[in-house]
Chemist: 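Please find one structure pasted underneath; my questions will follow.
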Amino acid sequence: MSTHTAPASLGTPEKQITLPFSKAWEISMKSIKIRLGRSLITASGIMLGIAFFSSVRTVVLFPITQTGAAAEAARSRHSFLAIMALLVCFVGIMNSMLMSVTERFREIGTMKCLGALDQFIVTLFIIEAGIMGLFGSMIGWFLGWLIMVIPHMFGGGAHDLNRAFFGGSLAQAAQSVAIGLVITLIACIPTARSAAKMPPAAALRSEI
Amino acid sequence: MAANEYVVRTKGLVKEFRMGEESVRALNGVDLDIKRGEYLSIMGPSGSGKSTLFNAIGGLDKPDSGSVFINDVDMAQLDARELAYLRCHTIGYIFQTFNLLPSMTALENVTLPTVFAGLTTDDGIERGIEVLNLVGLGHRLHHRPTQLSGGQQQRVAIARALANNPSIVLADEPTGNLDLKTGEEIIALLRELNKKQGVTIISATHDYKMVDVSDRVVWIRDGKIAKIEERADIELAVGTIKDETAH
Ligand SMILES: Nc1ncnc2c1ncn2[C@@H]1O[C@H](COP(=O)(O)OP(=O)(O)O)[C@@H](O)[C@H]1O
Ligand SMILES: [Mg+2]
(Lines give C-alpha, C1' and ligand atoms only; values in the text may rest on other atoms or scores of the structure.)
(Ligands and ions follow the chains in the order given, each with its own letter.)
Protein backbone atom coordinates (compact mmCIF):
# COMPACT_ATOMS: atom_id res chain seq x y z
CA MET A 1 0.00 0.00 0.00
CA SER A 2 2.78 2.42 0.78
CA THR A 3 4.03 2.48 -2.77
CA HIS A 4 4.43 6.19 -3.21
CA THR A 5 5.21 7.22 -6.72
CA ALA A 6 8.69 8.60 -7.13
CA PRO A 7 8.85 12.33 -6.55
CA ALA A 8 8.72 14.32 -9.76
CA SER A 9 12.08 15.93 -9.24
CA LEU A 10 13.28 14.97 -12.68
CA GLY A 11 12.01 16.70 -15.80
CA THR A 12 8.91 18.81 -15.86
CA PRO A 13 6.26 18.53 -13.15
CA GLU A 14 3.12 16.69 -14.10
CA LYS A 15 -0.04 18.54 -15.04
CA GLN A 16 -3.56 18.00 -13.83
CA ILE A 17 -5.89 16.42 -16.38
CA THR A 18 -9.09 17.98 -17.71
CA LEU A 19 -12.13 15.98 -16.69
CA PRO A 20 -14.84 15.16 -19.21
CA PHE A 21 -18.02 17.26 -19.17
CA SER A 22 -19.98 14.21 -18.05
CA LYS A 23 -18.13 14.25 -14.70
CA ALA A 24 -19.09 17.87 -14.11
CA TRP A 25 -22.67 17.05 -15.10
CA GLU A 26 -22.76 14.13 -12.68
CA ILE A 27 -21.45 16.20 -9.76
CA SER A 28 -23.77 19.13 -10.55
CA MET A 29 -26.83 16.91 -10.68
CA LYS A 30 -25.97 15.40 -7.34
CA SER A 31 -25.46 18.84 -5.88
CA ILE A 32 -28.79 20.18 -7.19
CA LYS A 33 -30.65 17.13 -5.97
CA ILE A 34 -29.18 17.10 -2.53
CA ARG A 35 -29.60 20.77 -1.87
CA LEU A 36 -33.01 20.63 -3.54
CA GLY A 37 -34.60 23.05 -1.10
CA ARG A 38 -31.87 25.59 -1.70
CA SER A 39 -31.91 25.01 -5.46
CA LEU A 40 -35.68 25.55 -5.51
CA ILE A 41 -35.34 28.84 -3.66
CA THR A 42 -32.72 30.04 -6.14
CA ALA A 43 -34.87 28.85 -9.04
CA SER A 44 -37.93 30.61 -7.54
CA GLY A 45 -36.00 33.87 -7.57
CA ILE A 46 -35.51 33.39 -11.30
CA MET A 47 -39.07 32.18 -11.73
CA LEU A 48 -40.65 35.21 -10.04
CA GLY A 49 -38.62 37.65 -12.08
CA ILE A 50 -39.54 35.97 -15.34
CA ALA A 51 -43.18 35.58 -14.27
CA PHE A 52 -43.36 39.34 -13.81
CA PHE A 53 -41.78 39.93 -17.20
CA SER A 54 -43.99 37.36 -18.87
CA SER A 55 -47.20 38.79 -17.40
CA VAL A 56 -46.32 42.24 -18.71
CA ARG A 57 -45.52 40.82 -22.13
CA THR A 58 -48.61 38.64 -22.38
CA VAL A 59 -50.89 41.68 -22.07
CA VAL A 60 -49.48 43.00 -25.32
CA LEU A 61 -50.95 40.00 -27.12
CA PHE A 62 -54.52 40.93 -26.27
CA PRO A 63 -56.16 43.13 -28.92
CA ILE A 64 -55.83 46.82 -28.17
CA THR A 65 -59.24 48.41 -27.69
CA GLN A 66 -58.02 52.00 -27.78
CA THR A 67 -57.29 53.87 -30.99
CA GLY A 68 -54.94 56.61 -32.12
CA ALA A 69 -53.05 58.44 -29.41
CA ALA A 70 -54.51 56.31 -26.63
CA ALA A 71 -53.25 53.16 -28.32
CA GLU A 72 -49.84 54.75 -28.72
CA ALA A 73 -49.81 55.60 -24.99
CA ALA A 74 -50.83 52.07 -24.06
CA ARG A 75 -48.04 50.68 -26.18
CA SER A 76 -45.36 52.85 -24.65
CA ARG A 77 -46.69 52.06 -21.16
CA HIS A 78 -46.26 48.38 -21.95
CA SER A 79 -42.73 48.92 -23.18
CA PHE A 80 -41.92 50.81 -20.03
CA LEU A 81 -43.38 48.04 -17.88
CA ALA A 82 -41.47 45.41 -19.82
CA ILE A 83 -38.20 47.27 -19.23
CA MET A 84 -38.98 47.65 -15.55
CA ALA A 85 -39.81 43.96 -15.37
CA LEU A 86 -36.49 43.13 -16.97
CA LEU A 87 -34.66 45.26 -14.43
CA VAL A 88 -36.48 43.61 -11.53
CA CYS A 89 -35.70 40.29 -13.10
CA PHE A 90 -32.04 41.15 -13.48
CA VAL A 91 -31.62 42.34 -9.91
CA GLY A 92 -33.57 39.39 -8.50
CA ILE A 93 -31.64 36.78 -10.43
CA MET A 94 -28.32 38.51 -9.75
CA ASN A 95 -29.11 38.41 -6.07
CA SER A 96 -30.02 34.73 -5.93
CA MET A 97 -27.04 33.71 -8.03
CA LEU A 98 -24.59 35.80 -6.02
CA MET A 99 -25.92 34.22 -2.84
CA SER A 100 -25.76 30.72 -4.22
CA VAL A 101 -22.12 31.11 -5.25
CA THR A 102 -20.97 33.07 -2.20
CA GLU A 103 -22.39 30.58 0.26
CA ARG A 104 -20.24 27.94 -1.37
CA PHE A 105 -16.84 29.63 -1.22
CA ARG A 106 -15.60 27.08 1.29
CA GLU A 107 -16.72 24.27 -0.96
CA ILE A 108 -14.84 25.85 -3.83
CA GLY A 109 -11.70 26.16 -1.70
CA THR A 110 -12.04 22.54 -0.60
CA MET A 111 -12.42 21.28 -4.16
CA LYS A 112 -9.31 23.17 -5.19
CA CYS A 113 -7.41 21.48 -2.36
CA LEU A 114 -8.53 18.14 -3.77
CA GLY A 115 -7.17 19.01 -7.19
CA ALA A 116 -10.04 20.70 -9.05
CA LEU A 117 -9.06 23.05 -11.85
CA ASP A 118 -10.62 26.53 -11.83
CA GLN A 119 -12.42 25.82 -15.08
CA PHE A 120 -13.99 22.66 -13.68
CA ILE A 121 -15.45 24.63 -10.78
CA VAL A 122 -16.81 27.27 -13.16
CA THR A 123 -18.33 24.50 -15.28
CA LEU A 124 -20.08 23.05 -12.22
CA PHE A 125 -21.67 26.39 -11.47
CA ILE A 126 -22.64 27.00 -15.10
CA ILE A 127 -24.42 23.66 -15.24
CA GLU A 128 -26.25 24.25 -11.99
CA ALA A 129 -27.18 27.81 -12.91
CA GLY A 130 -28.18 26.76 -16.42
CA ILE A 131 -30.57 24.12 -15.14
CA MET A 132 -32.08 26.40 -12.52
CA GLY A 133 -32.28 29.22 -15.08
CA LEU A 134 -33.95 26.99 -17.65
CA PHE A 135 -36.60 25.50 -15.39
CA GLY A 136 -37.11 28.67 -13.39
CA SER A 137 -37.70 30.65 -16.59
CA MET A 138 -40.01 28.08 -18.15
CA ILE A 139 -42.20 27.86 -15.08
CA GLY A 140 -41.97 31.63 -14.60
CA TRP A 141 -43.11 32.30 -18.13
CA PHE A 142 -46.06 29.95 -17.74
CA LEU A 143 -47.13 31.46 -14.42
CA GLY A 144 -46.96 35.00 -15.75
CA TRP A 145 -48.93 33.97 -18.81
CA LEU A 146 -51.58 32.15 -16.78
CA ILE A 147 -52.05 35.05 -14.41
CA MET A 148 -52.92 37.29 -17.35
CA VAL A 149 -54.90 34.79 -19.41
CA ILE A 150 -57.29 33.50 -16.75
CA PRO A 151 -58.77 36.88 -15.77
CA HIS A 152 -58.93 37.85 -19.42
CA MET A 153 -60.89 34.70 -20.24
CA PHE A 154 -63.35 35.18 -17.44
CA GLY A 155 -63.61 38.86 -18.34
CA GLY A 156 -65.25 37.76 -21.59
CA GLY A 157 -62.16 37.83 -23.72
CA ALA A 158 -62.03 34.09 -24.45
CA HIS A 159 -62.49 34.73 -28.16
CA ASP A 160 -59.21 36.76 -28.15
CA LEU A 161 -57.30 33.56 -27.42
CA ASN A 162 -56.99 32.68 -31.07
CA ARG A 163 -54.21 31.17 -33.14
CA ALA A 164 -52.40 34.48 -33.37
CA PHE A 165 -52.48 34.77 -29.59
CA PHE A 166 -51.02 31.31 -29.03
CA GLY A 167 -48.46 31.87 -31.74
CA GLY A 168 -47.42 35.11 -30.03
CA SER A 169 -47.36 33.35 -26.65
CA LEU A 170 -45.03 30.71 -27.97
CA ALA A 171 -42.64 33.34 -29.28
CA GLN A 172 -42.78 35.11 -25.93
CA ALA A 173 -42.14 31.87 -24.07
CA ALA A 174 -38.97 31.38 -26.08
CA GLN A 175 -38.01 35.00 -25.43
CA SER A 176 -38.65 34.72 -21.67
CA VAL A 177 -36.64 31.52 -21.34
CA ALA A 178 -33.78 32.97 -23.36
CA ILE A 179 -33.74 36.14 -21.28
CA GLY A 180 -33.96 34.22 -18.00
CA LEU A 181 -31.17 31.91 -19.03
CA VAL A 182 -28.91 34.70 -20.25
CA ILE A 183 -29.40 36.81 -17.12
CA THR A 184 -28.75 33.76 -14.93
CA LEU A 185 -25.52 32.99 -16.73
CA ILE A 186 -24.42 36.63 -16.76
CA ALA A 187 -24.97 36.69 -13.01
CA CYS A 188 -23.30 33.35 -12.38
CA ILE A 189 -20.24 33.18 -14.61
CA PRO A 190 -18.21 36.19 -13.41
CA THR A 191 -18.98 35.36 -9.78
CA ALA A 192 -18.06 31.73 -10.14
CA ARG A 193 -14.96 32.61 -12.13
CA SER A 194 -13.64 35.05 -9.55
CA ALA A 195 -14.46 32.59 -6.76
CA ALA A 196 -12.62 29.81 -8.57
CA LYS A 197 -9.60 32.05 -9.14
CA MET A 198 -9.24 32.92 -5.45
CA PRO A 199 -6.31 31.24 -3.70
CA PRO A 200 -7.81 28.26 -1.85
CA ALA A 201 -6.76 29.75 1.48
CA ALA A 202 -8.89 32.83 0.86
CA ALA A 203 -11.88 30.77 -0.27
CA LEU A 204 -11.59 28.52 2.78
CA ARG A 205 -11.40 31.47 5.16
CA SER A 206 -14.79 32.81 4.19
CA GLU A 207 -17.30 32.26 6.95
CA ILE A 208 -20.93 31.90 5.99
CA MET B 1 17.66 8.75 -1.33
CA ALA B 2 20.03 11.57 -0.46
CA ALA B 3 18.62 13.95 -3.06
CA ASN B 4 15.14 13.29 -1.79
CA GLU B 5 15.83 13.30 1.89
CA TYR B 6 13.72 16.42 2.29
CA VAL B 7 10.17 16.29 1.08
CA VAL B 8 9.53 19.95 1.88
CA ARG B 9 11.98 22.82 2.17
CA THR B 10 11.14 26.43 2.79
CA LYS B 11 13.59 29.28 2.35
CA GLY B 12 13.09 32.74 3.81
CA LEU B 13 9.31 32.63 3.78
CA VAL B 14 7.72 36.01 4.40
CA LYS B 15 4.02 36.75 4.35
CA GLU B 16 2.52 40.06 5.32
CA PHE B 17 -1.13 40.93 5.72
CA ARG B 18 -2.15 44.52 5.28
CA MET B 19 -5.31 45.75 6.87
CA GLY B 20 -5.61 49.45 6.11
CA GLU B 21 -2.66 51.24 7.69
CA GLU B 22 -1.51 48.33 9.81
CA SER B 23 0.37 45.34 8.55
CA VAL B 24 1.09 42.04 10.24
CA ARG B 25 4.08 39.87 9.38
CA ALA B 26 2.49 36.47 9.77
CA LEU B 27 5.69 34.82 8.51
CA ASN B 28 8.98 36.57 9.03
CA GLY B 29 11.70 34.50 7.41
CA VAL B 30 10.94 30.82 7.90
CA ASP B 31 13.59 28.31 6.83
CA LEU B 32 12.48 24.77 7.41
CA ASP B 33 13.56 21.41 6.02
CA ILE B 34 11.14 18.56 6.50
CA LYS B 35 12.38 15.00 6.15
CA ARG B 36 10.60 12.36 4.15
CA GLY B 37 8.50 10.15 6.39
CA GLU B 38 8.72 12.22 9.53
CA TYR B 39 5.92 13.35 11.81
CA LEU B 40 6.47 17.03 12.31
CA SER B 41 4.45 19.28 14.55
CA ILE B 42 4.39 23.02 14.16
CA MET B 43 3.60 24.37 17.58
CA GLY B 44 2.88 27.88 18.65
CA PRO B 45 0.31 30.10 20.27
CA SER B 46 -2.70 31.35 18.39
CA GLY B 47 -1.72 34.03 15.88
CA SER B 48 1.91 32.89 15.65
CA GLY B 49 1.66 32.10 11.95
CA LYS B 50 0.98 28.35 11.88
CA SER B 51 -1.92 28.50 9.45
CA THR B 52 -0.07 30.93 7.22
CA LEU B 53 2.83 28.48 7.07
CA PHE B 54 0.40 25.61 6.44
CA ASN B 55 -1.07 27.56 3.50
CA ALA B 56 2.34 28.38 2.07
CA ILE B 57 3.61 24.79 2.27
CA GLY B 58 0.35 23.45 0.87
CA GLY B 59 0.27 25.84 -2.08
CA LEU B 60 -2.98 27.32 -0.84
CA ASP B 61 -1.62 30.86 -0.66
CA LYS B 62 1.47 32.51 -2.09
CA PRO B 63 4.14 33.91 0.21
CA ASP B 64 5.27 37.50 -0.43
CA SER B 65 8.85 36.33 -0.67
CA GLY B 66 10.87 33.19 -0.12
CA SER B 67 10.26 29.80 -1.65
CA VAL B 68 8.70 26.46 -0.93
CA PHE B 69 10.20 23.36 -2.51
CA ILE B 70 8.17 20.17 -2.65
CA ASN B 71 10.28 17.20 -3.68
CA ASP B 72 12.89 19.73 -4.83
CA VAL B 73 10.43 21.51 -7.13
CA ASP B 74 10.00 25.24 -6.51
CA MET B 75 6.30 25.76 -6.08
CA ALA B 76 6.47 29.29 -7.47
CA GLN B 77 7.52 27.85 -10.83
CA LEU B 78 4.38 25.74 -11.20
CA ASP B 79 1.52 26.78 -13.45
CA ALA B 80 -2.12 26.33 -12.45
CA ARG B 81 -2.35 22.79 -13.81
CA GLU B 82 0.85 21.67 -12.15
CA LEU B 83 -0.26 23.18 -8.88
CA ALA B 84 -3.61 21.39 -9.13
CA TYR B 85 -1.75 18.14 -9.83
CA LEU B 86 0.39 18.71 -6.75
CA ARG B 87 -2.64 19.38 -4.55
CA CYS B 88 -4.36 16.34 -5.97
CA HIS B 89 -1.57 13.77 -5.88
CA THR B 90 1.25 14.89 -3.63
CA ILE B 91 -0.43 16.61 -0.68
CA GLY B 92 -3.44 15.65 1.40
CA TYR B 93 -5.06 18.34 3.53
CA ILE B 94 -6.77 18.09 6.89
CA PHE B 95 -8.49 21.06 8.52
CA GLN B 96 -9.72 22.00 11.94
CA THR B 97 -13.23 22.40 10.53
CA PHE B 98 -13.07 19.13 8.54
CA ASN B 99 -14.30 20.87 5.37
CA LEU B 100 -16.25 17.93 4.06
CA LEU B 101 -18.69 18.68 1.26
CA PRO B 102 -22.06 18.68 3.01
CA SER B 103 -23.95 17.46 -0.07
CA MET B 104 -21.92 14.27 -0.32
CA THR B 105 -21.77 11.05 1.67
CA ALA B 106 -18.59 9.93 3.42
CA LEU B 107 -17.73 7.70 0.48
CA GLU B 108 -18.47 10.39 -2.10
CA ASN B 109 -16.31 12.87 -0.20
CA VAL B 110 -13.45 10.41 -0.13
CA THR B 111 -13.92 9.48 -3.77
CA LEU B 112 -13.85 13.08 -5.04
CA PRO B 113 -10.05 13.44 -5.12
CA THR B 114 -9.86 10.19 -7.10
CA VAL B 115 -12.26 11.73 -9.62
CA PHE B 116 -9.90 14.68 -10.01
CA ALA B 117 -7.03 12.23 -10.36
CA GLY B 118 -8.84 10.64 -13.29
CA LEU B 119 -9.71 7.28 -11.72
CA THR B 120 -12.79 5.54 -13.07
CA THR B 121 -15.88 5.55 -10.87
CA ASP B 122 -15.40 1.90 -9.93
CA ASP B 123 -11.73 2.27 -9.08
CA GLY B 124 -12.50 5.42 -7.11
CA ILE B 125 -15.17 3.68 -5.06
CA GLU B 126 -12.89 0.74 -4.41
CA ARG B 127 -10.14 3.07 -3.23
CA GLY B 128 -12.64 5.12 -1.20
CA ILE B 129 -13.84 2.03 0.67
CA GLU B 130 -10.25 0.93 1.22
CA VAL B 131 -9.21 4.20 2.89
CA LEU B 132 -12.42 4.51 4.87
CA ASN B 133 -11.74 1.04 6.24
CA LEU B 134 -8.23 2.17 7.04
CA VAL B 135 -9.52 4.96 9.27
CA GLY B 136 -12.10 2.67 10.86
CA LEU B 137 -15.18 4.04 9.12
CA GLY B 138 -16.00 1.16 6.81
CA HIS B 139 -19.44 0.97 8.43
CA ARG B 140 -20.35 4.61 7.70
CA LEU B 141 -19.87 4.78 3.94
CA HIS B 142 -23.20 6.30 3.07
CA HIS B 143 -23.63 8.73 5.93
CA ARG B 144 -23.57 12.45 5.29
CA PRO B 145 -21.29 14.71 7.31
CA THR B 146 -24.24 15.96 9.38
CA GLN B 147 -24.99 12.36 10.38
CA LEU B 148 -21.48 11.83 11.73
CA SER B 149 -19.78 12.92 14.95
CA GLY B 150 -16.88 15.37 14.87
CA GLY B 151 -14.34 12.59 15.31
CA GLN B 152 -15.94 10.57 12.52
CA GLN B 153 -15.99 13.59 10.23
CA GLN B 154 -12.30 14.12 10.85
CA ARG B 155 -11.69 10.45 10.04
CA VAL B 156 -13.50 10.93 6.74
CA ALA B 157 -11.31 13.98 6.11
CA ILE B 158 -8.20 11.91 6.85
CA ALA B 159 -9.38 9.18 4.50
CA ARG B 160 -10.01 11.81 1.84
CA ALA B 161 -6.53 13.23 2.35
CA LEU B 162 -5.07 9.75 1.78
CA ALA B 163 -7.22 8.84 -1.22
CA ASN B 164 -4.61 9.59 -3.87
CA ASN B 165 -1.73 8.15 -1.85
CA PRO B 166 0.01 11.49 -1.18
CA SER B 167 3.55 11.68 0.10
CA ILE B 168 2.62 14.52 2.47
CA VAL B 169 -0.36 15.00 4.74
CA LEU B 170 -0.74 18.57 5.95
CA ALA B 171 -2.97 19.16 8.92
CA ASP B 172 -4.03 22.46 10.45
CA GLU B 173 -5.23 22.06 14.04
CA PRO B 174 -6.75 18.63 13.27
CA THR B 175 -7.87 18.23 16.88
CA GLY B 176 -8.98 21.82 17.40
CA ASN B 177 -12.70 21.07 17.17
CA LEU B 178 -12.62 17.76 19.01
CA ASP B 179 -12.93 16.79 22.63
CA LEU B 180 -9.91 15.46 24.49
CA LYS B 181 -10.50 11.76 23.96
CA THR B 182 -11.51 12.06 20.30
CA GLY B 183 -8.51 14.31 19.73
CA GLU B 184 -6.25 11.62 21.16
CA GLU B 185 -7.77 9.02 18.86
CA ILE B 186 -7.18 11.23 15.83
CA ILE B 187 -3.58 11.85 16.87
CA ALA B 188 -3.04 8.11 17.32
CA LEU B 189 -4.54 7.46 13.90
CA LEU B 190 -2.28 10.03 12.25
CA ARG B 191 0.73 8.52 13.95
CA GLU B 192 -0.26 5.03 12.87
CA LEU B 193 -0.69 6.16 9.25
CA ASN B 194 2.67 7.86 9.43
CA LYS B 195 4.32 4.66 10.65
CA LYS B 196 2.46 2.16 8.46
CA GLN B 197 2.02 4.11 5.24
CA GLY B 198 5.23 6.06 5.48
CA VAL B 199 3.41 9.29 4.74
CA THR B 200 5.05 12.48 5.97
CA ILE B 201 2.78 14.28 8.41
CA ILE B 202 3.07 17.99 9.02
CA SER B 203 0.65 19.24 11.58
CA ALA B 204 0.13 22.77 12.83
CA THR B 205 -1.29 22.63 16.30
CA HIS B 206 -1.34 24.08 19.75
CA ASP B 207 -2.48 20.79 21.17
CA TYR B 208 0.32 19.51 23.42
CA LYS B 209 -0.91 15.93 23.08
CA MET B 210 0.63 16.10 19.62
CA VAL B 211 4.14 16.57 21.03
CA ASP B 212 4.31 13.02 22.34
CA VAL B 213 3.93 11.41 18.92
CA SER B 214 6.09 13.83 16.94
CA ASP B 215 9.52 13.04 15.52
CA ARG B 216 10.29 16.74 15.59
CA VAL B 217 8.57 19.80 16.94
CA VAL B 218 9.02 23.22 15.41
CA TRP B 219 8.18 25.99 17.81
CA ILE B 220 7.01 29.09 16.06
CA ARG B 221 6.43 32.53 17.54
CA ASP B 222 5.59 35.81 15.83
CA GLY B 223 6.19 34.31 12.41
CA LYS B 224 9.64 32.97 13.22
CA ILE B 225 10.99 29.61 14.21
CA ALA B 226 11.90 29.88 17.87
CA LYS B 227 13.40 26.40 18.20
CA ILE B 228 13.31 22.94 16.72
CA GLU B 229 13.31 19.92 18.99
CA GLU B 230 14.20 16.37 18.02
CA ARG B 231 12.44 13.30 19.33
CA ALA B 232 15.21 12.67 21.87
CA ASP B 233 14.97 16.17 23.32
CA ILE B 234 11.21 15.90 23.44
CA GLU B 235 11.24 12.73 25.50
CA LEU B 236 13.50 14.41 28.01
CA ALA B 237 11.50 17.59 28.03
CA VAL B 238 7.97 16.25 27.94
CA GLY B 239 7.49 16.80 31.63
CA THR B 240 8.70 20.39 31.50
CA ILE B 241 6.58 21.23 28.45
CA LYS B 242 3.52 20.06 30.25
CA ASP B 243 4.47 22.16 33.25
CA GLU B 244 5.01 25.20 31.07
CA THR B 245 1.62 24.84 29.47
CA ALA B 246 -0.19 24.63 32.74
CA HIS B 247 0.26 28.37 33.33
N1 LIG C 1 -6.20 36.76 5.85
C2 LIG C 1 -5.62 37.48 6.82
N3 LIG C 1 -5.79 38.81 6.86
C4 LIG C 1 -5.19 39.55 7.81
N5 LIG C 1 -4.42 39.05 8.78
C6 LIG C 1 -4.24 37.73 8.81
C7 LIG C 1 -4.82 36.87 7.82
N8 LIG C 1 -4.44 35.59 8.08
C9 LIG C 1 -3.66 35.66 9.18
N10 LIG C 1 -3.52 36.93 9.62
C11 LIG C 1 -2.74 37.37 10.76
O12 LIG C 1 -1.47 36.76 10.68
C13 LIG C 1 -1.06 36.30 11.95
C14 LIG C 1 -0.83 34.81 11.92
O15 LIG C 1 -2.06 34.15 11.68
P16 LIG C 1 -2.21 32.58 11.56
O17 LIG C 1 -1.20 32.09 10.62
O18 LIG C 1 -3.63 32.29 11.27
O19 LIG C 1 -1.86 32.10 13.03
P20 LIG C 1 -2.14 30.72 13.78
O21 LIG C 1 -2.62 29.74 12.78
O22 LIG C 1 -0.84 30.34 14.38
O23 LIG C 1 -3.14 31.00 14.83
C24 LIG C 1 -2.14 36.73 12.93
O25 LIG C 1 -1.74 37.93 13.52
C26 LIG C 1 -3.34 36.92 12.06
O27 LIG C 1 -4.18 37.90 12.60
MG1 LIG D 1 -4.42 28.70 12.75
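Each chain gets a letter, A, B and so on, in the order the sequences are listed, and its residues count up from 1.
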Chemist: Which heavy atom of Ile17(A) sits nearest to which heavy atom of Gly118(B), and what is that distance?
Modeler: CD1-CA, 3.4 Å
Chemist: Starting from the C-alpha separation in whole Å, work towards a yes-or-no answer on side-chain contact (heavy atoms from CB on, under 4.5 Å) for Arg160(B) and Thr110(A).
Modeler: CA-CA 11 Å; Arg160(B) 182 179 66 182; Thr110(A) 306; 3.5 Å; yes
Chemist: A quick test of your reading: do over 12 heavy atoms of other residues, nucleotides or ligands sit less than 6.0 Å from CZ of Phe135(A)?
Modeler: no
Chemist: Search all heavy atoms of Arg106(A) against all heavy atoms of Thr97(B) and return the closest pair with its distance.
Modeler: NH2-OG1, 2.7 Å
Chemist: Let me confirm one number: the NZ-OH distance from Lys15(A) to Tyr85(B), rounded to the nearest 0.5 Å.
Modeler: 12.5 Å
Chemist: Going by heavy atoms in the side chains, are Met104(B) and Ser31(A) under 4.5 Å from each other?
Modeler: no
Chemist: Return the OG to CG distance between Ser103(B) and Leu36(A), rounded to the nearest 0.5 Å.
Modeler: 12.5 Å
Chemist: Is it the case that atom NE2 in His78(A) sees more than 12 heavy atoms from other parts of the structure closer than 6.0 Å?
Modeler: yes
Chemist: So which part of Ile34(A) gets closer than 4.5 Å to some heavy atom of chain B, the side chain, the backbone, both or neither?
Modeler: side chain
Chemist: Using a cut-off of under 4.5 Å for heavy-atom pairs, which of Gly58(B), Pro113(B), Ser51(B) has the most such pairs with chain A?
Modeler: Pro113(B)
Chemist: Does a sphere of radius 6.0 Å around CD in Glu126(B) hold more than 12 heavy atoms from other residues, nucleotides or ligands, not counting ones at 6.0 Å or beyond?
Modeler: no
Chemist: If I measure from the heavy atoms of chain A, does Phe69(B) come under 4.5 Å with its side chain, its backbone, both, or neither?
Modeler: neither
Chemist: Which bit of Leu19(A) comes within less than 4.5 Å of chain B, counting heavy atoms only: side chain, backbone, both or neither?
Modeler: side chain
Chemist: So for atom CZ, which belongs to Arg191(B), do other residues, nucleotides or ligands contribute more than 12 heavy atoms lying within a distance under 6.0 Å?
Modeler: yes
Chemist: Under a 4.5 Å cut-off applied to non-hydrogen side-chain atoms, are Glu26(A) and Val115(B) in contact?
Modeler: no
Chemist: Should we say atom CZ of Phe80(A) is surrounded by more than 12 heavy atoms from elsewhere, each under 6.0 Å from it?
Modeler: no
Chemist: Taking Arg87(B) for its side chain and Cys113(A) for its backbone only, find out whether a donor-acceptor pair lies under 3.5 Å.
Modeler: no
Chemist: Checking heavy atoms, do the side chain of Lys33(A), its backbone, both or neither come under 4.5 Å from chain B?
Modeler: neither
Chemist: With a 4.5 angstrom heavy-atom cut-off, which part of Gln77(B) approaches chain A: side chain, backbone, both or neither?
Modeler: neither
Chemist: Tell me yes or no: between the side chains of Thr105(B) and Lys30(A), is some donor less than 3.5 Å from an acceptor?
Modeler: no
Chemist: When you look at Leu86(B) and Gln16(A), which way does the side-chain contact (heavy atoms from CB on, under 4.5 Å) test go after all the steps?
Modeler: CA-CA 8 Å; Leu86(B) 181 91; Gln16(A) 187 67 315; over 6 Å; no
Chemist: Looking at every heavy atom in both Ala84(B) and Ala116(A), which two are closest together, and how far apart are they?
Modeler: CB-O, 4.4 Å
Chemist: Heavy-atom distance under 4.5 Å to chain A: side chain of Ala117(B), backbone, both or neither?
Modeler: backbone
Chemist: With chain A, which of Asn55(B), Leu83(B), Leu101(B) has the greatest number of heavy-atom pairs at distances under 4.5 Å?
Modeler: Leu101(B)
Chemist: Could you check which of Ala202(A), Pro199(A), Ala201(A), Ala203(A) has the highest count of heavy-atom pairs closer than 4.5 Å to chain B?
Modeler: Ala201(A)
Chemist: Quick check for you: among Ile27(A), Asp118(A), Leu117(A), which has the greatest number of heavy-atom pairs under 4.5 Å with chain B?
Modeler: Leu117(A)
Chemist: Report the C-alpha separation of Glu107(A) and Asn99(B) in whole Å, then their side-chain angles, then the decisive distance to 0.1 Å, and conclude whether the side-chain contact (heavy atoms from CB on, under 4.5 Å) test is met.
Modeler: CA-CA 8 Å; Glu107(A) 238 174 89; Asn99(B) 288 355; over 6 Å; no
Chemist: Side chain, backbone, both or neither: which part of Met198(A) has an atom under 4.5 Å from a heavy atom of chain B?
Modeler: neither
Chemist: If I take atom SG from residue Cys88(B) and atom NZ from residue Lys112(A), how far apart are they, to the nearest 0.5 angstrom?
Modeler: 14.0 Å
